Amino acid sequence: MDTLQTKAPFTNKDTRILFKIHKNIDLPTVVFFGGIHGNEKAGVTALKQLQSTIDTAVVKGNVYGVLGNLKALEEDQRYIDEDLNRLWTKAKIELTLAKKTHNTEETQLLELLTVLHNILKENKGPFYFIDLHTTSSKTLPFITINDALINRRFSKLFPVPIVLGIEEYLEGALLSYINTLGYVSIGFESGQHTDYSSVENNIAFIHLALVFSGILDNTDTDVQTHLKTLKLASENDDDFYEIVHLQNITSNDNFKMKGGFKSFQPITKGTPIAHFNNTEIRSDYNGHIFMPLYQNKGNEGFFIIKPIKPFFLKLSTVLRRVKTDSLLACLPGVSWINKNEGILQVNLTIAKFLAKPLFHLLGYRNREITSTHLRLNNRERVAKTKIYKREPWY
């Protein structure tokens with residue numbers, strides 16, 4: 001197996017904006033992020049390959065290649081002081097803006113925030129934000145999205161599995177922040193950190209994203225080869241999955257995965273998965289292991305996912321289109337915090353009697369639990385669906 005030399009793709013001469021191709025503010029804009037985690041360099045390598053090979057004359061839109069955690073990339077570390085991909089909440093951003101001194105990742109956050117807002121000011125959209133990642137375990141390439149219909153529709157164009165519900169379990173991800181702004185935002189996990197096929201999968205994904213967004217024509221890149229690359233790597237799995245469990249860990253915990261697990265590997269209830277503080281963890285579910293942790297840094301030990309039946313995907317689409325969620329506030333113990341932004345709160349004494357899948361069908365995922373209430377966010381009410389309706393994929 002070919003491996004990626006992790007030091008090679010980044011030098012301290014690299015700037016935040018790796019490249020920028022700007023044609024017209026009215027044309028589609030695609031923004032690629034690479035290296036949000038400093039030890040995940042396959043995306044950076046793929047973006048540099050695009051930078052050196054793309055024929056700008058055939059580009060029919062605006063394309064940005066943006067580097068994430070510059071200091072962590074230089075040090076070949078996931079992060080220096082704290083995880084940059086857990087800082088993107090309104091509260092944390094406001095707190096960081098108010099501080100006079102900042103740690104490494106807070107500085108990166110503020111610089112990326114400026115880049116992001118400048119891109120939004122310079123262009124009218126439609127916008128596509130794509131965050132390129134890799135994992136510490138072996139895996140099929142896959143997409144993670146916040147559960148909005150515009151994300152589902154665009155993601156389904158790619159022949160890889162799609163995982164919903166990440167926003168329920170990871171607070172402060174960059175893509176979750178962008179989703180609150182209403183734009184298409186998807187994460188692409190291309191493979192294991194140092195496997196060179198992760199670069200190849202990223203290259204295929206990047207070119208397809210440019211075609212599907214209308215920035216490149218089918219004749220401007222080898223679409224069939226790129227599709228074949230991802231189909232082979234994903235073993236023809238293009239199903240939707242949903243997260244049903246996360247094993248949280250802290251830096252004080254003694255956690256070690258059992259060897260040999262890879263993402264999307266089927267497991268049964270009772271399967272030994274890891275050792276956690278000298279106790280063996282066994283699965284409570286029949287499902288698939290997802291993103292098992294085989295590196296020193298990280299607060300997510302592993303996830304368990306299950307496939308979603310197509311019937312429920314179609315049903316949720318219909319229910320969301322007619323805004324059935326407006327009726328939720330009629331239920332006892334359920335009230336609006338902000339109806340326009342799709343934020344509900346549910347009294348915890350009532351929540352246990354309400355089926356979680358009902359809220360998922362309508363696009364509500366829990367984001368915060370207080371001592372008395374469960375807070376739920378809906379991405380559909382903030383999605384800027386109108387700017388995508390004329391796109392060929394919509």
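What you see is a predicted model; the values in this text were computed from it and never measured.
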Given a cutoff of under 4.5 Å between side-chain heavy atoms of I, L, V, M, F, W and Y, with clusters grown through shared members, what are the other residues clustered with [X]?
X      : result
Val382 : none
Ile249 : Val244, Phe255, Met257, Phe261, Ile267, Ile273, Phe276, Ile281, Tyr285, Ile289, Leu293, Tyr294, Phe302, Ile304
Val322 : none

Start with the C-alpha gap between Ile186 and Thr144, add the side-chain angles, then the distance that decides, and say whether side chain to side chain contact (heavy atoms under 4.5 Å, CB included) holds.
CA-CA 6 Å; Ile186 64 178; Thr144 60; over 6 Å; no
Assess, by modelled atom type and distance only, whether the side chains of [X] and [Y] contain a donor and an acceptor separated by less than 3.5 Å.
X      : Y      : result
Thr250 : Asn252 : no
Asn248 : Asn299 : no
Gln265 : His288 : no
Asn179 : Arg379 : no
Asn277 : Asp253 : yes

Under-4.0 Å salt bridge between Lys99 and Glu106:
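Yes, charged N to carboxylate O under 4.0 Å.
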Evaluate Glu122 against Lys20 for salt bridge (charged side-chain N to carboxylate O under 4.0 Å, His left out), listing each step before the verdict.
CA-CA 12 Å; Glu122 290 174 0; Lys20 171 182 174 181; 3.4 Å; yes
Qualifying residue, where the test is side-chain contact (heavy atoms from CB on, under 4.5 Å) with His102 and the options are Asp81, Leu109, Leu97, Leu110
Leu110
[atom1]-[atom2] distance between [X] and [Y], expressed to the nearest 0.5 angstrom:
X      : Y      : atom1 : atom2 : result
Ile143 : Asp238 : CD1   : CG    : 10.0 Å
Leu73  : His37  : CG    : NE2   : 11.0 Å
Lys389 : Ile150 : NZ    : CD1   : 11.5 Å

Could you check Leu328 against Phe359 for side chain to side chain contact (heavy atoms under 4.5 Å, CB included), going step by step and ending with a plain yes or no?
CA-CA 9 Å; Leu328 286 175; Phe359 290 103; 4.1 Å; yes
Mind checking what makes ring-ring contact (aromatic ring centres under 6.0 Å, His included) contact with His373, not counting sequence neighbours?
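ring-ring contact (aromatic ring centres under 6.0 Å, His included) list for His373, sorted by chain: empty.
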Between Tyr64 and Phe19, is the ring centre distance below 6.0 Å?
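So the answer is no for these two rings.
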Between Phe205 and Phe158, is the ring centroid distance below 6.0 Å?
yes
Of all the heavy-atom pairs spanning His133 and Glu189, show the shortest one and how long it is.
CB-OE1, 3.2 Å
Kindly confirm or rule out a cation-pi arrangement of Lys306 over Tyr241, judged by NZ or CZ under 6.0 Å from the six-membered ring centre and within 45° of its axis?
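So Lys306 doesn't make the cation-pi contact.
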Under the side-chain hydrogen bond (donor to acceptor under 3.5 Å, both in side chains) test, residues paired with Asn103 that sit two or more places apart:
Glu82
Arg153: which residues meet the side-chain hydrogen bond (donor to acceptor under 3.5 Å, both in side chains) condition with it, sequence neighbours left out?
none
